[in-house]
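Below you'll find the structure I mean.
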Amino acid sequence: MHIGKRIKEIMDAKRVSVISVANAIACERTNVYNIFERKDISTSLLSKLSVILDHDFYAELSEELKNMKK
């Protein structure tokens, strides 16, 4: 999973703006656009985004891992 693209998909689906995410994680909106380009992300930031977006990215990653083992 390309985590940055997935974060953007969830934001779009939930109609959450880049500005509101930037405000919630105390950064500039350009940093949020940079997150969209990332293939990897820190667990700390992913946890914050999971709460902000009310979405369990960890469950998705876990499911992906299970599928890789098959």
message: Filter on salt bridge (charged side-chain N to carboxylate O under 4.0 Å, His left out), then keep only pairs touching residues 9-34, sequence neighbours left out; what's left?
response: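 Found Arg6-Glu9, Lys8-Asp12.
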query: Given a cutoff of under 4.5 Å between side-chain heavy atoms of I, L, V, M, F, W and Y, with clusters grown through shared members, what are the other residues clustered with Leu61?
result: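 Listed partners: Met1, Ile3, Ile7, Ile10, Met11, Val16, Val18, Val21, Ile25, Val32, Tyr33, Ile35, Phe36, Ile41, Leu45, Leu46, Leu49, Ile52, Leu53, Phe57, Tyr58.
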field: All pairs passing salt bridge (charged side-chain N to carboxylate O under 4.0 Å, His left out) where residues 36-56 contributes a residue, at least two apart
entry: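 Salt bridge (charged side-chain N to carboxylate O under 4.0 Å, His left out) check on residues 36-56 returns no pairs.
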